[in-house]
Enquirer: 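Before we start, here is the structure in question, set down as structure tokens.
Start at 1 and go down the list; that is how both ligands and their atoms are numbered.
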Amino acid sequence: MARSYFGDLAPIRYEGPESDNDFAFRQYDANEIVLGRPMKDHLRFAVAWWHSFAWEGGDPFGGRSFERPWYPQDTMESMQQKADAAFEMFSILGVPYFCWHDLDVRPEGASFSESRDRLDRWVDAVLPRIEETGVRCLWGTANMFTHRRWMAGAATNPDPDVFAYAAATVKTCLDATLRLGGENYVLWGGREGYETLLNTDMGRERQQAGRFLSMVVDYARKIGFTGQILIEPKPQEPSKHQYDFDVATVYGFLKDFGLENEVKVNIEQGHAILAGHSFEHEIHLARALGIFGSIDMNRNDYQSGWDTDQFPNNVPEVALAYYEILKAGGFTSGGTNFDARVRRQSIDPEDLILAHVGAMDTCAAGFKAAARMLEEGHLEAALTQRYAKWDASEAQTMLAGDLEAAAARVDVEGLDPVPGSGRQERLERLVNRYV
Ligand code: XLS
Ligand code: NI
Ligand code: NI
């Protein structure tokens, strides 16, 4: 029998906002129908294998602070123990999904083929657990940033041998994601960037990244992977500058390589802030460009400015994000992945559980507020009204015409535009009625 890491914790149930029980949901009622669907199907929560089970609590000034029974994570036995604890936690939380990197789930072997065999063995071990619990893979990804071989990049490396190693790594992880029935595959390029321009050829590296992504898309199609390929933008950290800076930059890159209909984005709250945007800005733009895919729901520390991967706890912020997601039509293959870790002093097993319970409640509260914002339609009505003149036929004719024709309207119609209020404070106050 599998050893229990979380003691005799029972599955978390919904008890409502008045409940004093910390081990209960106050906002997240999985089966509550919102906008015609159970909330669990809107939110599609996922636990991140790396932060919850592989991260050991280190920071730049100190090492491991946690003591988990599967440490040190260097044997296949520890992998099995970790997987047992992971599925135990998924069941306690009632989350439908998990996400993983190769390095989170198995130790690297002495050779590439040993690493690949180990990943296959992890998939073998996890498939029956998926079957029995119904908890599935939202996305898989390759860790191409921790090992020293990646220090100068993966696909963008000055050494073509590293490009080949990256190809082998992504191929293996895509194969594993396919076997697991994963609904997406993510590429996050933490080392695809530079430390100094003095040793960097950006034009060349960008071409390599474009070729690599095209190869990944072709291979995914070839093996019958029907999931969505996603790029996760981030402007910097760990590199000084990363090529997948933000949604706008990634869209330009996709257009350049003809991949804008093949690849979408996984947007992380903390990365949006690092890029100088808000989370809702990034989702809004991805929606406008038709490349919205999924989210990583974790926040930064606004005082330190670091990407601290904290669990969400700000309902108004989360509400605006879900409002944009609802306007995008909701998630299709994507979901809400908690790419978040407990603080290094939160060393108890129950801290892991409660962090997720709190985050799920925050998301549920924000989501319900967003659903009401959409249903009542006041924000949408204000937006429609603001652009209403553009619906007129003469405006559309002008847009399809040339500069001279547009210019001629000023003389012919005697135009003298009258500015209208943007009503910002009124709209901000309106949002506060929901959150
Ligand atoms: C790091 C990223 C990473 C990706 C997956 O900042 O968020 O965790 O989500 O590689
Ligand atoms: Ni991140
Ligand atoms: Ni992330």
Side-chain angles (χ1 to χ4, degrees), residues 44-56 58-60 97-105 119 137-147 150 153-156 166 169-170 172-174 176-177 182-193 209 212-213 216 227-247 250 263-277 279 282-283 286 292-302 304-312 321 334-342 356 359 363:
R44 296 166 59 87
F45 288 128
V47 166
W49 207 288
W50 51 105
H51 285 317
S52 287
F53 309 111
W55 183 60
E56 301 189 348
D59 70 10
Y97 291 105
F98 62 88
C99 300
W100 56 276
H101 301 81
D102 46 359
L103 194 62
D104 312 328
V105 299
L119 190 65
C137 169
L138 184 66
W139 49 264
T141 187
N143 179 324
M144 299 198 292
F145 43 89
T146 298
H147 192 280
W150 310 120
T156 62
T169 303
V170 171
T172 305
C173 289
L174 253 170
T177 305
E183 299 190 22
N184 306 268
Y185 184 84
V186 166
L187 295 121
W188 170 67
R191 305 279 176 200
E192 311 291 26
F212 191 82
L213 188 59
V216 170
Q228 178 64 50
I229 308 277
L230 299 167
I231 287 191
E232 185 175 322
K234 186 174 185 180
Q236 75 254 348
E237 196 222 29
S239 301
K240 175 186 166 58
H241 173 89
Q242 283 152 215
Y243 298 132
D244 297 331
F245 197 91
D246 59 3
V247 168
V250 167
V263 178
K264 293 190 162 119
V265 283
N266 179 42
I267 302 173
E268 179 164 318
Q269 199 266 6
H271 300 181
I273 306 298
L274 271 178
H277 305 305
F279 195 20
E282 289 290 79
I283 301 170
F292 173 71
S294 198
I295 60 168
D296 276 4
M297 180 59 101
N298 44 277
R299 68 192 164 92
N300 291 3
D301 183 312
Y302 289 133
S304 71
W306 296 336
D307 181 10
T308 48
D309 287 334
Q310 289 174 247
F311 285 88
T336 303
N337 174 42
F338 295 116
D339 188 354
R341 52 195 156 89
V342 292
H356 284 89
C363 289

Enquirer: N/O of Trp188 under 3.5 Å from N/O of ligand 1, yes or no?
Expert: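 Such a contact does not occur with ligand 1.
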Enquirer: Taking non-hydrogen atoms only, is Asp309 closer than 4.0 angstrom to ligand 1 via side chain, backbone, both or neither?
Expert: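 Near ligand 1, Asp309 shows nothing, with every heavy atom at 4.0 Å or more.
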Enquirer: Can you measure from SG (Cys173) to NE2 (His101) and round to the nearest 0.5 angstrom?
Expert: 9.0 Å
Enquirer: Could you state the interatomic distance from OH (Tyr97) to CG (Leu138), rounded to the nearest 0.5 Å?
Expert: 6.5 Å
Enquirer: Test side chain to side chain contact (heavy atoms under 4.5 Å, CB included) on Trp139 and Thr177 and set out the steps.
Expert: CA-CA 7 Å; Trp139 49 264; Thr177 305; 5.9 Å; no
Enquirer: Name of the Asp296 N, O or S atom nearest the Ni ion (ligand 3)?
Expert: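 When I compare the N, O and S atoms of Asp296, OD2 is nearest to the Ni ion (ligand 3).
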Enquirer: Look at the aromatic rings of His356 and Phe338 and report parallel, tilted or perpendicular, splitting at 30° and 60°.
Expert: perpendicular
Enquirer: Roughly how far, to the nearest 0.5 Å, is SG of Cys99 from NE2 of His51?
Expert: 11.0 Å
Enquirer: Does ligand 1 come near enough to His271 that some N or O of the ligand is less than 3.5 Å from an N or O of the residue?
Expert: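 N/O-N/O distance below 3.5 Å exists for this pair.
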Enquirer: Using a 4.0 Å heavy-atom threshold (strictly under), name the region of Asp307 that reaches ligand 1: side chain, backbone, both or neither.
Expert: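 The answer is the side chain.
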Enquirer: Which residue and atom name correspond to the protein heavy atom nearest atom 3 (C) of ligand 1, and how close is it?
Expert: Asp339 OD2, 3.6 Å
Enquirer: Whether the Asp339 and Trp50 side chains hold a donor-acceptor pair (N or O, under 3.5 Å, no angle test) is what I'd like checked.
Expert: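 Yes, a side-chain donor-acceptor pair sits under 3.5 Å.
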Enquirer: Quick check: does Asp339 put an N/O/S atom under 2.8 Å from the Ni ion (ligand 2)?
Expert: no
Enquirer: Evaluate Trp139 for polar contact with ligand 1, using N/O atom pairs at a separation under 3.5 Å.
Expert: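 No.
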Enquirer: Identify the closest protein heavy atom to atom 2 (C) of ligand 1: which residue and atom is it, and at what distance?
Expert: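 Nearest neighbour among protein heavy atoms for atom 2 (C) of ligand 1, to 0.1 Å: Glu232 OE2, 3.3 Å.
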Enquirer: Could you tell me the residue and atom name of the protein heavy atom closest to atom 10 (O) of ligand 1, and the distance to it rounded to 0.1 Å?
Expert: His101 NE2, 2.7 Å
Enquirer: What's the separation between atom CZ in Phe45 and atom CE in Met297, rounded to the nearest 0.5 Å?
Expert: 8.0 Å
Enquirer: Within 45° of the six-membered ring axis of Trp150 and under 6.0 Å from that ring's centre, is NZ or CZ of Arg191 located there?
Expert: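 No, Arg191 does not sit over the ring of Trp150.
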Enquirer: Does any N/O atom on Thr141 come nearer than 3.5 Å to any N/O atom on ligand 1?
Expert: no
Enquirer: So, is Asn266 polar-close to ligand 1, with some N/O to N/O distance under 3.5 Å?
Expert: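 No, Asn266 has no N/O under 3.5 Å of an N/O on ligand 1.
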Enquirer: Over all heavy atoms of both residues, which pair between Ser52 and Val47 is shortest? Give the atoms and the distance, please.
Expert: OG-CG1, 4.0 Å
Enquirer: Going by side chain to side chain donor-acceptor pair (under 3.5 Å), Lys234 matches just one of Asp307, Asp244, Asp296. Which one?
Expert: Asp307
Enquirer: Considering only heavy atoms of Asp296, which atoms of ligand 1 have at least one such atom less than 4.0 Å away?
Expert: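 Counting from 1, the qualifying ligand atoms are 9 (O).
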Enquirer: Output the atom name for the N/O/S atom of Glu268 with the smallest distance to the Ni ion (ligand 2).
Expert: OE2
Enquirer: Glu232: which N/O/S atom is nearest the Ni ion (ligand 3)?
Expert: OE2
Enquirer: Please indicate whether any nitrogen or oxygen in Glu237 is less than 3.5 Å from any nitrogen or oxygen in ligand 1.
Expert: no
